There are 2 protein chains.
Amino acid sequence: MLSIGELSKRTGVKIPTIRYYEQVGLIDAPERSEGNQRRYTKDGLNRLSFIRHSRDLGFSIEDIKGLLELSQYPEKPCQDAHGIAVQYLRNVQQRITKLRRLERELKHLSNCDADSLADCAVIETLADHGPCKTEH
Amino acid sequence: MLSIGELSKRTGVKIPTIRYYEQVGLIDAPERSEGNQRRYTKDGLNRLSFIRHSRDLGFSIEDIKGLLELSQYPEKPCQDAHGIAVQYLRNVQQRITKLRRLERELKHLSNCDADSLADCAVIETLADHGPCKTEH
DNA sequence: CTTGAACCTATAGCTACTAGAGGGATTATA
DNA sequence: TATAATCCCTCTAGTAGCTATAGGTTCAAG
């Protein structure tokens with residue numbers, strides 16, 4: 001049996017966040033001690049690890065509820081879980097592309113030895129006026 | 001002069017979001033028509049495009065305020081901006097690293113063609129039981 | 001048995017929006 | 001010029017996913 005603090009340490013999920021997850025129904029309310037403190041089992045630990053990992057990957061709480069429900073019926077086809085992942089992958093790839101472009105421009109700027117920001121590559125890029133016009 | 005609706009269409013920023021940006025001081029309150037409706041200039045359009053682009057890239061509103069302030073003083077020596085740029089660069093690079101890791105995992109997940117969830121890579125991966133055990 | 005850390009609930013605040021109510025302004029057409 | 005459709009206004013409240021605070025209780029070590 002784990003206290004909420006131990007659970008927090010082992011999963012890396014903060015204590016108020018654990019209570020929040022319980023509140024919104026992402027995890028079940030655990031048993032309590034005589035003095036009304038939460039006591040978690042190994043199962044609770046696994047479930048929270050799953051949630052932590054999913055959140056890190058950017059899945060919404062609703063998505064995770066879906067995934068958790070799915071995982072409770074292992075005979076069910078995984079098509080649904082697959083769909084959630086594919087949808088998210090597309091989103092992530094777009095973000096990577098944009099960030100790489102910005103990275104290039106920021107590198108330019110941080111090497112900048114010009115006198116002014118007048119032709120600043122970052123500002124240009126963010127304003128979406130096309131690629132950097134001046135070579136720093 | 002653009003109405004808020006036209007501005008919204010041209011930038012892809014929703015109308016309530018534009019008003020929200022005004023409220024939190026990210027954009028200046030524009031002139032109004034006789035009938036008290038917002039009227040934007042080309043400058044307003046540029047500024048909002050800049051903001052849109054920056055938000056897409058994951059910068060917080062506070063970050064963007066910084067960038068905008070920077071861009072308003074084009075005579076400011078580059079040296080002053082150097083540190084800020086480097087800071088943003090680091091931030092961006094961290095985000096790229098995280099997203100690449102996420103991309104790899106999601107690609108893995110989305111290749112799952114198992115018949116049932118029992119062997120589904122999504123569930124395995126999210127449960128953090130190590131890398132995918134079966135090659136799809 | 002005491003003391004200090006860890007726990008409890010409840011409420012409020014945070015970021016970045018988004019939706020709705022109830023009303024006024026603008027514009028295209030009859 | 002009238003009127004209907006569409007746009008816009010403010011204000012309030014709701015959303016996700018936490019995080020912080022206040023004021024009190026329980027647990028475990030010495």
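Because only heavy atoms are used, hydrogens play no part in the values below, and waters and symmetry mates are left out as well, while side chains stay in. Please read these numbers as outputs of a predicted model, since none were measured by experiment. First the proteins, then the strands, lettered A, B, ... as listed; each starts at 1.
- A salt bridge is defined here as a Lys NZ or Arg NE, NH1 or NH2 lying under 4.0 Å from an Asp or Glu carboxylate O, and Glu22(B) with Arg19(B) fails to meet this definition.
- In this structure, Ile27(B) places its CD1 atom 14 Å from C1' of dC17(C), rounding to the nearest Å.
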I'd like a list of close polar pairs between nucleotides 6-8 of chain D and the protein, N/O only, cut-off under 3.5 Å.
residue, atom, partner, partner atom, Å
dC8(D), OP1, Ser3(B), OG, 2.7
dC8(D), OP1, Gly5(B), N, 2.7

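- For the pair Val13(A) and Arg52(A), the tightest heavy-atom approach, listed with the atom from each and the gap, is CG2-CD, 3.6 Å.
- In terms of heavy atoms, Leu26(A) sits closest to Ile61(A) at CD1-O, 4.0 Å.
- Residues passing the side chain to side chain donor-acceptor pair (under 3.5 Å) test with Arg55(A), sequence neighbours excluded: none.
- Rounded to whole Å, the distance from CD on Glu34(B) to C1' on dG24(C) is 14 Å.
- Partner Tyr40(B) forms a side-chain contact (heavy atoms from CB on, under 4.5 Å) with one of Thr11(B), Leu48(B), Leu7(B) and no other, that one being Leu7(B).
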Grab the N/O contacts between the protein and nucleotides 13-17 of chain D below 3.5 Å, and write none if there aren't any.
residue, atom, partner, partner atom, Å
dG17(D), OP1, Ile61(A), N, 3.3
dG17(D), OP2, Ile61(A), N, 3.4
dG17(D), O3', Arg55(A), NH2, 3.4

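- Atom OG of Ser3(A) and atom CZ of Arg38(A) lie 11.5 Å apart (nearest 0.5 Å).
- Between the CD atom of Gln23(A) and the P atom of dT9(C) there is a distance of 10 Å, given to the nearest Å.
- Atom CD1 of Ile96(B) is separated from atom CZ of Arg100(A) by 7.0 Å, given to the nearest 0.5 angstrom.
- Remark: the backbone N or O of Ile4(A) is not paired with any side-chain donor or acceptor of Ser8(A) at under 3.5 angstrom.
- To the nearest angstrom, P of dC7(C) lies 11 Å from CG of Leu2(A).
- Taking atom CZ of residue Arg32(A) and atom P of nucleotide dT26(D), one finds them 12 Å apart after rounding to whole Å.
- As a whole-Å value, the separation of Leu7(A) CG from dA6(C) P is 15 Å.
- In this structure, CZ in Arg39(A) is found 10.5 Å from CD in Glu34(A), a value given to the nearest 0.5 Å.
- The CD1-P distance, from Ile18(B) to dT10(D), rounds to 13 Å in whole Å.
- Taking atom CG of residue Leu26(B) and atom C1' of nucleotide dT15(C), one finds them 13 Å apart after rounding to whole Å.
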